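Here the structure comes first, spelled out in structure tokens, and everything after it is commentary.
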Amino acid sequence: MAAAGQRAHRRARRRDRPPARLPGGAAAGAALRRFPGMSTPASFAPQGLDHYAGRIRAALAPALGVDASDLQLERPRHDGMGDFALPCFRYAEGRGGNPAALAARLAAELSIEQVAAAAAGPFLNFSVDRAALAATILADCGRPDFGGGASEETTLVEFSSPNIAKPMHVGHLRTTVIGAALARIHAHLGERVVRLNHLGDWGSQFGKLVAAWRRWGAEAALEADPIAHLLELYVRYHQEEGADPGLDAESKSAFQELESGQDNDTRRVWKRFTELSLQEFDKVYRRLGSEFDFIRGESWYEDKLAPLLAWLEQRGVLEESEGATIIDLEGEGISTPCLVKTAHGTTLYATRDLAAAKSRWEEFAFDRCLYVVGQEQILHFRQLFAALRRAGCGWADRCQHIPFGLVRMAEGKLSTREGRVLALKDLLDRAVELAAEVIQEKNPDMAGQAAAAEMVGLGAVIFHDLKHQRSKDVVFDWKEVLSFEGDTGPYLQYTHARCCAIVRKAGRPVPPLSEVDPGLLADSPELLVALGRFPQAVREAAEKNEPMVLAQHLLKIGAAANAFYRDRRVLGSEPPLEAVRLCAVDRLRRVLALGLGLLGVPTPEEM
RNA sequence: GCGCCCGUAGCUCAACUGGAUAGAGCACCGGACUUCUAAUCCGGUUGUUGCAGGUUCAAGUCCUGCCGGGCGUGCCA
């Protein structure tokens with residue numbers, strides 16, 4: 001059993017929000033709206049730099065005779081080259097000119113309010129007037145919905161999905177943290193988000209567990225530390241199964257009792273294991289700020305399996321092969337068929353996922369359904385979606401696997417069966433402990449040190465996970481994960497806390513925009529541009545389902561912020577300067593809190 | 001065997017899905033705290049983007065073939 005985001009089985013618990021009502025049945029429209037380049041989709045009011053991108057497009061489109069949405073506006077590679085760039089190569093092609101000449105001509109001809117155009121060889125660079133930009137940024141960044149949108153689509157996010165009776169370990173960190181971040185990011189864009197925890201609570205392994213419990217289980221140990229004891233039983237089972245054929249028979253019969261659906265002792269034991277596990281998981285979820293609208297294990301779909309199989313049969317996609325029931329996927333370009341029933345008649349992982357997908361579609365009519373599950377299951381999801389397509393589900397294209405790389409320990413492979421795991425709780429505790437030491441050293445007089453340490457420690461772990469591309473494997477390195485310097489969560493938390501301190505110590509309210517002169521911020525273009533690009537970062541993170549995009553952008557804002565208040569004294573400066581800088585610091589504080597909040601990184605006001 | 005993912009500075013990673021001189025952090029060296037938190041800032045050093053071809057005005061990015069690592073590959077989840 002691999003280290004990363006497993007998903008497994010049954011029995012669901014519903015909590016919190018009521019089952020959402022969907023506006024009018026089958027939602028129409030493309031599952032995934034594409035946001036080409038730096039365009040601003042209609043559902044988003046222009047924010048930050050978007051204002052100017054819109055103007056530039058509007059001016060360029062007629063000049064080039066192309067549709068505004070086809071314009072490829074880019075970020076210049078280096079600061080100082082402007083705020084937007086248009087490579088002119090492709091536009092020069094059709095009209096016989098050379099790109100540099102076209103750029104020069106456009107630079108001379110274009111007249112855009114508050115935007116200067118300059119040719120740089122074949123590139124046309126645009127610079128936004130600093131004072132105008134400052135005014136825009138100060139106005140937009142103060143809003144709590146900065147970078148937000150008005151999409152009315154419905155997005156399902158399935159994430160975390162640990163197996164019951166096993167500890168959550170570092171492998172679960174990624175799915176839990178990435179999934180929660182994606183859910184928040186999509187929600188910020190206005191989407192109606194449904195968070196699902198597809199617990200691994202079903203399957204033959206629970207027959208094994210119950211069998212092991214009957215042989216060696218100890219009530220006292222179970223109550224003291226349920227998951228530790230259950231893991232112990234699981235490990236022991238695998239140690240002894242080879243030498244003891246009776247075990248296998250016991251576990252098979254236990255699983256049959258479980259699957260029978262009848263209320264018997266096996267089922268009661270299993271149910272108790274589930275509840276004990278959930279209590280433990282909840283502690284971690286609370287710390288990580290992860291919430292679910294529905295905790296539905298695989299078992300929740302149990303009574304939907306028979307109808308599903310009947311439906312598949314009716315659709316004519318089932319075949320028998322070597323005694324098993326399969327859906328052939330050759331026509332979908334997948335040589336491995338999807339198995340929905342074993343030769344012994346039991347259902348499989350894929351069967352439950354098919355039932356789950358169909359049930360979710362019928363309940364939520366989603367515009368997209370994201371499965372945040374490790375990339376070792378890529379084939380499984382390809383099969384799942386292909387099988388749905390074969391069964392005639394057009395909505396299968398709205399389902400998307402969001403894979404991520406494996407977490408591996410530097411010392412070697414993680415293995416649940418061998419009992420070698422790094423429990424997530426231990427990782428978090430260690431991070432918090434270290435954060436407490438640093439706070440004690442750097443800010444010994446602060447009140448509420450324990451609370452701050454919890455936030456900083458968790459912030460370090462969460463941000464570390466989110467700042468990398470999902471697809472890359474991660475070699476877990478204590479030193480790196482627990483680093484609080486440089487491009488880290490605590491760096492951003494620190495920046496936020498500094499901004500909070502300045503606002504707090506100002507001894508007066510942040511002046512309203514009408515009372516400041518934004519032009520006085522013209523000396524800090526990096527800061528303005530970094531803040532101004534925040535909406536684009538949120539959008540791109542959602543579009544790619546890649547929180548890293550937002551994390552990386554927050555680092556840019558953080559760097560600009562630190563340089564800003566390092567060189568520009570706020571409090572005690574000339575009154576007009578103090579006013580506008582205070583205003584800027586306030587916006588920084590808000591945007592950092594907003595962005596970090598989307599990622600799930602806590603934002604202490606002092607640390 | 002076949003399929004998918006990854007390969008960028010000593011280390012950890014970016015690079016806006018084909019654009020400008022490939023950028024950050026860590027580490028190392030040197031500077032900056034009687035003033036809003038030095039968990040910071042400023043400056044310096046670091047590249048055959050795994051290898052070889054190909055497409056293109058333009059390739060880290062696309063196509064082919066290799067090398068290396070990881071993960072999958074019908075009755076587990």
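Note that the coordinates shown come from a computational prediction; the quantities given were computed from them, not determined experimentally.
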Measure the distance from CD on A/E330 to C1' on B/G3 and round it to the nearest whole Å. 13 Å
Among [options], which is the nearest nucleotide to the side chain of [X]?
X	options	value
A/F89	B/G19, B/U37, B/C75	B/G19
A/N163	B/G74, B/A77, B/A32	B/A77
A/A120	B/C16, B/A20, B/G70	B/A20
A/Y494	B/A39, B/A20, B/G74	B/A39
A/R498	B/U37, B/U40, B/A20	B/U37
A/L348	B/A20, B/A39, B/A77	B/A77
A/Q205	B/C6, B/A77, B/U37	B/A77
A/R408	B/G70, B/U21, B/G25	B/G70
A/P337	B/C75, B/G74, B/A39	B/G74

Measuring to OP1 and OP2 of B/A77, would you say a side-chain N or O of A/R352 lies under 4.0 angstrom away? yes
OP1 or OP2 of B/G74 versus the side-chain N and O atoms of A/Y349: is any pair under 4.0 Å? no
Salt-bridge criterion met for A/E543 and A/R539 (N-O under 4.0 Å): no
Of A/L571 and A/G558, whose nearest nucleotide on RNA chain B comes first from the 5' end? A/L571
Would you kindly compare A/P490 and A/L124 by the position of their nearest RNA chain B nucleotide and give the one closer to the 5′ end? A/L124
Just wondering, more than 12 heavy atoms not from A/E332 lying within 6.0 Å of its CD? yes
Any N/O donor-acceptor pair, A/S335 side-chain to B/G3 base, under 3.5 Å: no
Quick one about A/E241 and A/H238 (side-chain donor to acceptor, distance below 3.5 Å, no hydrogens or angles considered), yes or no? yes
Any chance you could list the contact pattern along nucleotides 45-50 of chain B? Use B for base contacts, S for sugar-phosphate-only contacts and - for none, protein heavy atoms under 4.0 Å, 5' to 3'. ------
Got a sec, which residues hit side-chain contact (heavy atoms from CB on, under 4.5 Å) with A/A350, two or more places apart in sequence or on another chain? A/C338, A/H380
Heavy-atom side-chain contact between A/L60 and A/L124 under 4.5 Å: yes
Determine whether A/W300 and A/L199 satisfy the following criterion, side chain to side chain contact (heavy atoms under 4.5 Å, CB included), listing intermediate values before the conclusion. CA-CA 9 Å; A/W300 194 83; A/L199 280 186; over 6 Å; no
Can you check nucleotides 11-14 of chain B for protein contacts, nitrogen or oxygen pairs under 3.5 Å, and list what you find?
unit_1	atom_1	unit_2	atom_2	d
B/U12	O2'	A/E480	OE2	2.9
B/A14	OP1	A/Q469	N	2.7
B/A14	OP2	A/K472	NZ	2.7

